[in-house]
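Scope of the values below: all heavy atoms of this structure, side chains included, with no hydrogens, waters or symmetry mates. Worth saying up front: this structure is predicted, and the values here are computed from it rather than measured.
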Amino acid sequence: MNTRPIPSTREALPVIGCGTWIGFDHAPGTPEYAGLPGVLDALFGAGGKVVDSSPMYGRAEQTTGELLAAHGRRADAFVATKVWTQGRAAGVREMETSLRLLGSDRVDLMQIHNLVDWRTHLATLRDWKAAGRVRYVGITHYTASAYDAVEAVLRSERLDFVQINYSLDDREAERRILPLAAERGVAVIVNMPFGGGGLLRGLLGKPLPAWAAEIGCTSWAQVLLKFVLSQPAVTCAIPGTRRRAHMEDNARAGFGEVPAPAFWRDKVDAIAR
């Protein structure tokens, strides 16, 4: 799989990961849980690493920790999660719980979810980073209405990552967040690369355009992911799934040549119609 460097360290990160919202919120003994080892096998087998979770995703952190431990794959993963609460003490408790559920004494990336009490948590995370409990620190959001606040934090603070929404039908980040992240040397994780799912569902009944083969795509999911990756500021996209076949399909977008943004100029409107 193609990789891109994390600007703050130059560590190479594979460009397709896996989000765990909804898909990993399942307990042992259910059919859904039984299929999740295959999702991680497909991710790691393709050369991917990033698994992104959050305390607000129900059981997803615990499920992720269980599966990584049971299959001996923790060393293969770049695990990201989030803090999402008010106050220093509550933030520390939540992050300690996350580490316990994930089965590790440190996490690769801790993100301040939706900028909730970000000043308080950022101070804590800098201490945790210095102590080796987190490797990278970031912020997240999922809606363009929050971009003023996201921009303000990116301009005023040194961060390793920002996680933001970006897709073919939701392109405001292309104008505002992606250029700023590149300027500030901040890695970008893209959530909702399928437009929250509605964009992809609307395309599934349509035939792939002939030009899809030119960029190595055999599915609409791959087309939408290659669109996201066409922005050089994007480090990794994290489509969520609980199905191995979908993870295998998504991962293929991380291989081969990625077209430049100019490639899409005469195609975006046609796809979105």
Side-chain angles (χ1 to χ4, degrees), residues 4 6 13-25 39 43 48-58 60-61 63-64 77-84 98 107-116 118 136-147 149-151 153-154 159-182 186-201 220-243 246-247 249-251 253-254:
R4 292 182 178 175
I6 299 169
L13 202 65
V15 296
I16 300 294
C18 182
T20 62
W21 182 59
I22 298 178
F24 279 53
D25 184 17
V39 174
L43 173 68
K49 294 180 68 172
V50 178
V51 182
D52 179 81
S53 197
S54 172
M56 69 178 294
Y57 296 173
E61 285 183 314
T63 296
T64 299
F78 181 101
V79 177
T81 193
K82 307 174 183 78
V83 56
W84 187 62
S98 292
V107 69
D108 295 290
L109 169 61
M110 185 67 76
Q111 304 155 102
I112 302 168
H113 196 53
N114 294 352
L115 297 178
V116 173
W118 67 267
Y136 296 102
V137 172
I139 59 173
T140 80
H141 223 291
Y142 69 98
T143 175
S145 64
Y147 284 1
V150 171
E151 285 178 322
V153 178
L154 285 175
L159 300 169
D160 299 303
F161 278 83
V162 60
Q163 182 181 140
I164 207 74
N165 53 303
Y166 178 56
S167 63
L168 187 142
D169 66 344
D170 184 8
R171 298 177 61 186
E172 183 65 12
E174 185 180 300
R175 185 176 71 85
R176 300 180 60 179
I177 303 301
L178 300 184
L180 180 57
V186 178
V188 177
I189 293 177
V190 169
N191 58 43
M192 301 170 65
F194 299 148
L199 172 62
L200 180 58
R201 286 192 296 271
W220 278 113
Q222 293 168 33
V223 168
L224 297 180
L225 287 168
K226 286 225 173 178
F227 169 81
V228 167
L229 294 174
S230 70
Q231 292 291 330
V234 171
T235 312
C236 178
I238 51 166
T241 186
R242 61 181 176 84
R243 295 182 173 89
H246 290 175
M247 187 69 253
D249 186 43
N250 294 341

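- Of the possible donor and acceptor atoms, one in the side chain of Asp108 sits under 3.5 Å from a partner among the backbone N and O of Val79.
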Are Phe194 and Asn250 close enough, and set up right, to give a side-chain contact (heavy atoms from CB on, under 4.5 Å), and what steps lead you there? CA-CA 11 Å; Phe194 299 148; Asn250 294 341; 3.6 Å; yes
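- At least one donor-acceptor pair under 3.5 Å links the side chain of Arg4 to the backbone N or O of Leu229.
- Side-chain atoms of His246 and Val39, non-hydrogen and from C-beta on, never get closer than 4.5 Å to each other.
- Classification of the Phe161-Phe78 ring pair by plane angle, with boundaries at 30° and 60°, yields tilted.
- The line from CG of Leu168 to CD of Glu174 is 9.5 Å long, rounded to the nearest 0.5 Å.
- Applying the side chain to side chain donor-acceptor pair (under 3.5 Å) test to Thr241 and every residue at least two apart in sequence or in another chain returns nothing.
- Between the CD atom of Gln231 and the CD1 atom of Ile177 there is a distance of 12.5 Å, given to the nearest 0.5 Å.
- Arg243 is linked by a salt bridge (charged side-chain N to carboxylate O under 4.0 Å, His left out) to nothing, counting only residues two or more places apart in sequence or in another chain.
- The structure places CG of Leu224 at 6.0 Å from CG of Leu200, a figure rounded to the nearest 0.5 Å.
- The stretch residues 48-58 participates, sequence neighbours left out, in these salt bridge (charged side-chain N to carboxylate O under 4.0 Å, His left out) pairs: Asp52-Lys82.
- Contact detail for Pro179 and Ala173: the closest heavy-atom pair is CD-O, 3.9 Å.
- Counting only heavy atoms from C-beta outward, the side chains of Met110 and Val137 never approach each other to under 4.5 Å.
- In this structure, Tyr166 and Met192 have side chains that are not in contact, with every pair of non-hydrogen atoms separated by 4.5 Å or more.
- Side chain of Ser230 to backbone of Phe227: a donor-acceptor contact under 3.5 angstrom is found.
- Minimum heavy-atom separation, Gly48 to Pro14: CA-CB, 3.8 Å.
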Leu109 vs Asp160, side-chain contact (heavy atoms from CB on, under 4.5 Å): CA-CA, chis, key distance, verdict: CA-CA 9 Å; Leu109 169 61; Asp160 299 303; 5.5 Å; no
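- Residues satisfying the salt bridge (charged side-chain N to carboxylate O under 4.0 Å, His left out) test with Asp25, not counting sequence neighbours, are none.
- Taking every heavy atom of both residues into account, Ile16 and Ala251 meet most closely at CG2-CA, 4.1 Å.
- Atom OG in Ser53 sits 10.0 Å away from atom CD in Gln111 (nearest 0.5 Å).
- Under the rule for a side chain to side chain donor-acceptor pair (under 3.5 Å), Thr235 has no partner lying at least two apart in sequence or in another chain.
- Between Pro55 and Ser98, the shortest heavy-atom contact is CG-OG, 3.7 Å.
- Atom CD1 of residue Ile189 and atom CG of residue Leu13 lie 7.0 Å apart, to the nearest 0.5 angstrom.
- With hydrogens and angles ignored, the 3.5 Å screen pairs no side-chain donor or acceptor of Asp170 with any backbone N or O of Gly195.
- Side-chain contact between Leu159 and Tyr136: absent, with no pair of heavy atoms (C-beta onward) separated by less than 4.5 Å.
- Under the 4.5 Å side-chain criterion, counting only non-hydrogen atoms from C-beta, Val162 is in contact with Leu154.
- Residues Thr140 and Trp84 fail the side-chain proximity criterion, which asks for heavy atoms closer than 4.5 Å.
- Between Asn165 and Ala144, the closest heavy-atom pair is ND2-N, 3.9 Å.
- Asn114 CG to Ser54 OG: the interatomic distance, rounded to the nearest 0.5 Å, is 8.5 Å.
- The environment of Trp21 atom CH2 is sparse: at most 12 non-hydrogen atoms of other residues, nucleotides or ligands sit within 6.0 angstrom.
- Listed by chain and residue number, Glu61 satisfy the side chain to side chain donor-acceptor pair (under 3.5 Å) test with Thr81 (two or more places apart in sequence, or in another chain).
- A donor-acceptor pair under 3.5 Å is absent between the side-chain atoms of Arg176 and the main chain of Glu151, judged by distance alone.
- Minimum heavy-atom separation, Pro193 to Val228: CB-CG2, 4.0 Å.
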